[in-house]
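Note on naming: letters A, B, ... go to the chains in the order of the sequence lines (proteins, then strands), and numbering restarts at 1 for each one. Note: hydrogens, waters and symmetry copies are ignored here, and every other heavy atom, side chains too, is used.
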Amino acid sequence: MAETEEDRHLRFAGGLDCDPSPLPTLRHSASHVMAQAVKRLFPDVKLAIGPAIEDGFYYDFAKPDPFTPEDLAKIEALMHELVRADLPFVRRELPRAEAIRLFRERGEPFKVEILEGIDADLVSLYRQGEFEDLCRGPHVPSTGHVTAFKLLSSSGAYWRGDERNPMLQRIYGTAWLTPEELDRHLWRLEEAKKRDHRKLGRELDLFDFFDVAPGAPFWLPKGMVLVRELERFARESLDARGYQEIATPILIHKRLWEQSGHWEHYQDNMFQVEVEGQLFTLKPMNCPPSAYVYRRALRSYRDLPLRFSEMGRCHRNERSGTLTGLVRVRQFTQDDAHIYCRPDQLEDEITALLELVREWYKVFTLEPSFKLSTRPEKFLGTPEQWNAAEQALHQALKANGLAYDVDPAAGAFYGPKIDVDVQDVLGRRWQIATVQVDLTMLPERFQLEYIDSDGHPKRPVAIHRAIFGSYERFIGIITEHFAGAFPTWLAPVQARVLPVSEKHAEYARTVTRRLTEARIRGELDDRNEKLGYRIREAQLAKVPYMLVVGEREAQNGTVSLRYRTGEDRGAVPLDRVLADLAHEIGSRTVTLTVGRS
RNA sequence: GCCGGGGUAGCUCAGUGGCAGAGCAGCUGAUUCGUAAUCAGCAGGUCGCGGGUUCAAGUCCCGCCCCCGGCUCCA
């Protein structure tokens, strides 16, 4: 993974506290200005750390009471004063021991702890006005450069990111080189709220949550259309690639997890149900049950690879504070599959899987990025097995011409993996697809075998993979990606028929029936409202096509075609609209093509 | 789980101890309309849940639930 500004600061990596390019430097300086303001207003707070981060900065303080929104306003106002004073940032260097003495005198225990952990004889400090902080820089020349900033929020954060440590109070802010850039960023944040899948899910009647089932969505009819279309897409694709679909139980005896090893490491995350004195759990993953399917028959080397797919409904008891809309839930449905193959087939299988990822994500115009995680400190299996598997992953990535990052030692204990995440339009990253090689967990613990050509039993390699990841998260992401304006093949309502007035209702019903007969999701809006009103509603509902019908259209067997983009196409023969719609839906294109010649 | 902010009509939100409100949506009626909001009327409430203080609680106090932003976690 690329090193973030935060990593650099926290791990004291590199020679500086932030990237010396203008924007991170400015943000880093902004965090010092904020710390100065906080120290003036609240002299008793202790300073922790304050790095530049993506889009802004934060600073952590030890303070008995949390900052209130009013505190933030005061701090921001004082920051503006400090900026107007245009105080120069002045650097000086001190022997480490002297710096420790200095910060101990000033009553800054966190700075002392940092200094004690640093392997350097000489350390640097930066001063602006009365405020001086331990810091490797760089900084802007003076506080007057920090013109375009805004404090955004405060929250708790653990010292050094460890929940066993005391909780500090963190203030987040954003800072930019110019006021225009700041405004643009704040505008983007507003836009982000508008396309938040939780808001769109409610507005478009896709799904809802109720407090009786935290972390588990209720799919409404329109949202269920998305689920069904994605399922259909996945099944078509996998049927053409030699997958066999299975379904395994959701409620499973604890024994299974003892065998797989999950009980030891994962039981706190599993929902448990006692039935007649026996302990059952809601499965948190589908791999161990899949292994039972493999194991129920004697497998030959000729049978491999076996590809068992499963729309596996899983439950994980995520901590309550972590739940977020559809993207972090307690109940979700993975588009899971387990591929059992011979070691010599591994590379081809991985290559095919990465092709699948590319192909699927292209349909949704998502741009995936790939990360290869390699052997961790603690691992099962032999280094030779691991090297071969990692090699296969590297080769498969290269065969697909994919750029990828390597995350050293971040693999699962049972094998290396490739994770795929996507960036939504707003720049947030979400992990979706995963391709994990399993050298030992399923094969060893469930004693999976196949009879090789020499007549001897051998261990297969297992691959765990999900392409969408989960239907829930994936739908959350594409909802934001498309801002609710789904491609026609996914759109819950594909065309809405709008009669100009009651006089044209009969022809409108005919048009709607023709749509339905062609298995197009058409809807008639013959409410007693003006056309403009119904057009507005259809547009807000992001229905791709509006078919306006009145006197002229009824006469000529046409419809007047309007796109959700606002474009008005004019009269088009109904037969052509039906044919174009069928073609657009069948090809799963993202662009609106109906009626265009 | 931890820190903070929230929860009032279907939705968005106002209401700082004294009669529970607005806009949109809904319903009824009028209007029969040509490309982003026709007009009028009506109805709509366990103020998240439970307890407490008070003559009086949406409002103050305590506990719990859920949501939001972070932190932590994320086989």
Side-chain angles (χ1 to χ4, degrees), chain A residues 53 58 60 63 65-69 71-72 152-172 189 193 196 198-199 202-203 205 208-215 257 260-262 264-266 268-270 284-288 314 316-325 327-330 373 376 410-415 417 419 431 434 436 438 441-442 464 473 498-505 526-541 546-553 560-571:
Chain A
I53 56 174
Y58 66 75
D60 286 343
K63 179 172 177 290
D65 307 311
F67 293 102
T68 64
D71 291 339
L72 292 200
L152 297 176
S153 62
S154 62
S155 77
Y158 301 105
W159 169 237
R160 299 204 150 172
D162 189 330
E163 63 182 327
R164 289 165 302 191
N165 285 338
M167 182 164 270
L168 308 171
Q169 302 302 326
R170 173 174 301 178
I171 301 176
Y172 282 97
L189 291 180
K193 283 185 201 157
D196 187 311
R198 292 166 295 192
K199 181 177 162 69
R202 192 172 51 242
E203 288 173 355
D205 297 316
D208 208 349
F209 289 89
F210 299 95
D211 59 6
V212 290
W257 310 109
S260 70
H262 290 91
E264 192 184 340
H265 300 290
Y266 205 67
D268 288 347
N269 283 298
M270 292 163 73
M285 53 202 62
N286 310 299
C287 28
C314 298
R316 294 182 189 173
N317 188 10
E318 306 290 357
R319 293 160 92 176
S320 55
T322 64
L323 303 176
T324 305
V327 294
R328 191 76 192 277
V329 286
R330 284 192 174 134
S373 296
F413 66 85
Y414 51 75
K417 61 177 180 174
D419 287 328
Q431 204 229 294
T434 184
Q436 307 188 359
D438 179 358
M441 195 254 287
L442 295 182
H464 310 237
R473 177 175 284 186
L498 307 175
V500 171
S501 84
E502 266 175 33
K503 291 178 202 145
H504 318 107
D526 59 354
R527 287 176 301 168
N528 181 14
E529 298 287 354
K530 289 177 74 174
L531 180 61
Y533 178 89
R534 287 172 289 144
I535 283 178
R536 175 182 152 81
E537 295 234 314
Q539 202 121 349
L540 292 174
M546 284 155 257
L547 313 184
V548 177
V549 296
E551 200 56 43
R552 296 195 296 272
E553 291 78 7
S560 188
L561 189 62
R562 185 190 164 100
Y563 303 81
R564 66 176 159 211
T565 53
E567 187 187 345
D568 183 359
R569 189 96 212 143

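- Along RNA chain B, the nucleotide nearest to His265(A) and the one nearest to Ser153(A) differ in position, and the one closer to the 5' end is contacted by Ser153(A).
- Taking only distance into account, the side chain of Gln169(A) never meets the base of G70(B) through a donor-acceptor pair shorter than 3.5 Å.
- For the pair Lys199(A) NZ and G10(B) C1', the interatomic distance rounds to 15 Å; values are reported in whole Å.
- Judged by atom type and distance alone, Ser560(A) reaches the base of U35(B) through a side-chain donor-acceptor pair under 3.5 Å.
- With hydrogens and angles disregarded, a donor-acceptor distance shorter than 3.5 Å links the side chain of Arg473(A) to the backbone of Val327(A).
- C74(B): no Watson-Crick or G-U partner with both key distances under 3.5 Å is found in any strand.
- One N or O donor and one acceptor, one from the side chain of Glu502(A) and one from the base of U32(B), sit under 3.5 Å apart.
- Phosphate proximity of C3(B) to Arg170(A): absent, as no side-chain N or O sits under 4.0 Å from OP1 or OP2.
- Within the shown strands, U12(B) is the pairing partner of A22(B) under the Watson-Crick or G-U definition, both distances less than 3.5 Å.
- Residue contacts for Glu537(A): at a heavy-atom cut-off of 4.0 Å it reaches no nucleic acid atom on any strand shown.
- The interatomic distance linking Leu498(A) (CG) with U32(B) (C1') rounds to 15 Å, in whole Å.
- Between Arg527(A) and G26(B), a side-chain N or O to OP1/OP2 separation shorter than 4.0 Å is present.
- Rounded to whole Å, atom C1' of U35(B) lies 5 Å from atom CG of Leu531(A).
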Test log, rule salt bridge (charged side-chain N to carboxylate O under 4.0 Å, His left out), inputs Arg160(A) and Asp162(A): CA-CA 6 Å; Arg160(A) 299 204 150 172; Asp162(A) 189 330; over 6 Å; no
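- The gap from the C1' atom of A57(B) to that of U8(B) amounts to 14 Å, rounded to the nearest Å.
- Distance, Glu318(A) CD to C67(B) P: 13 Å, rounded to whole Å.
- Residue contacts for His262(A): at a heavy-atom cut-off of 4.0 Å it reaches a base atom on one of the strands shown.
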Test salt bridge (charged side-chain N to carboxylate O under 4.0 Å, His left out) applied to Asp60(A) and Arg170(A), step by step: CA-CA 4 Å; Asp60(A) 286 343; Arg170(A) 173 174 301 178; 2.7 Å; yes
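- Nearest heavy atoms, Gly215(A) versus Val329(A): O-CB, 3.1 Å.
- When every heavy atom of Lys417(A) is checked against every heavy atom of Ala410(A), the shortest pair comes out as CE-O, 3.7 Å.
- Taking atom CZ on Arg202(A) and atom C1' on C68(B), their separation rounds to 11 Å, with Å as the unit.
- Nucleotides G44(B) and C24(B) place their C1' atoms 14 Å apart, quoted to the nearest Å.
- Nucleotides U28(B) and C64(B) place their P atoms 46 Å apart, quoted to the nearest Å.
- Listed pair Tyr172(A) / C71(B) meets the phosphate criterion, a side-chain N or O lying under 4.0 Å from OP1 or OP2.
- Across all strands shown, Glu264(A) has no heavy atoms under 4.0 Å from either base or sugar-phosphate atoms.
- Rounded to an integer number of Å, the gap from Leu189(A) CG to G70(B) C1' is 15 Å.
- Residue-level contact check: Gly321(A) touches the bases, meaning some heavy atom is under 4.0 Å from a base atom.
- Side-chain N/O atoms of Tyr533(A) include one lying less than 4.0 angstrom from OP1 or OP2 on A25(B).
- In this structure, U28(B) and A40(B) make a Watson-Crick or G-U wobble pair, each of the two defining distances being under 3.5 angstrom.
- The interatomic distance linking Leu323(A) (CG) with U72(B) (C1') rounds to 14 Å, in whole Å.
- As judged by a 4.0 angstrom heavy-atom cut-off over every strand, Gly411(A) is placed among residues making no nucleic acid contact.
- Arg160(A) contributes no side-chain N or O that forms a donor-acceptor pair with the base of C71(B) under 3.5 Å.
- Atom CG in Asp211(A) sits about 10 Å away from atom C1' in C67(B), given to the nearest Å.
- Across all strands shown, nothing is found opposite G17(B) as a Watson-Crick or G-U wobble partner with both distances under 3.5 Å.
- Between Phe413(A) and His265(A), the angle of the ring planes lies from 30° to 60°, which puts this pair in the tilted group.
- One finds no side-chain N or O of Lys530(A) lying less than 4.0 angstrom from the OP1 or OP2 phosphate oxygen of G34(B).
- The residue Gly161(A) sits close only to the backbone: its heavy atoms come under 4.0 Å of sugar-phosphate atoms, none of a base.
- Applying the 4.0 Å criterion to OP1 and OP2 of C73(B), one finds that Arg316(A) has every side-chain N and O outside that range.
- When both pairing distances are held under 3.5 Å, G4(B) makes a Watson-Crick or G-U pair with C68(B).
- Within a 6.0 Å radius of NZ in Lys530(A), no more than 12 heavy atoms belonging to other residues, nucleotides or ligands are found.
- At a threshold of 4.5 Å between non-hydrogen side-chain atoms, the residues Glu502(A) and Asp526(A) do not count as touching.
- For the P atom pair drawn from U35(B) and G41(B), the interatomic distance equals 28 Å after rounding to whole Å.
- Across all strands shown, G34(B) forms no Watson-Crick or G-U wobble pair with both key distances under 3.5 Å.
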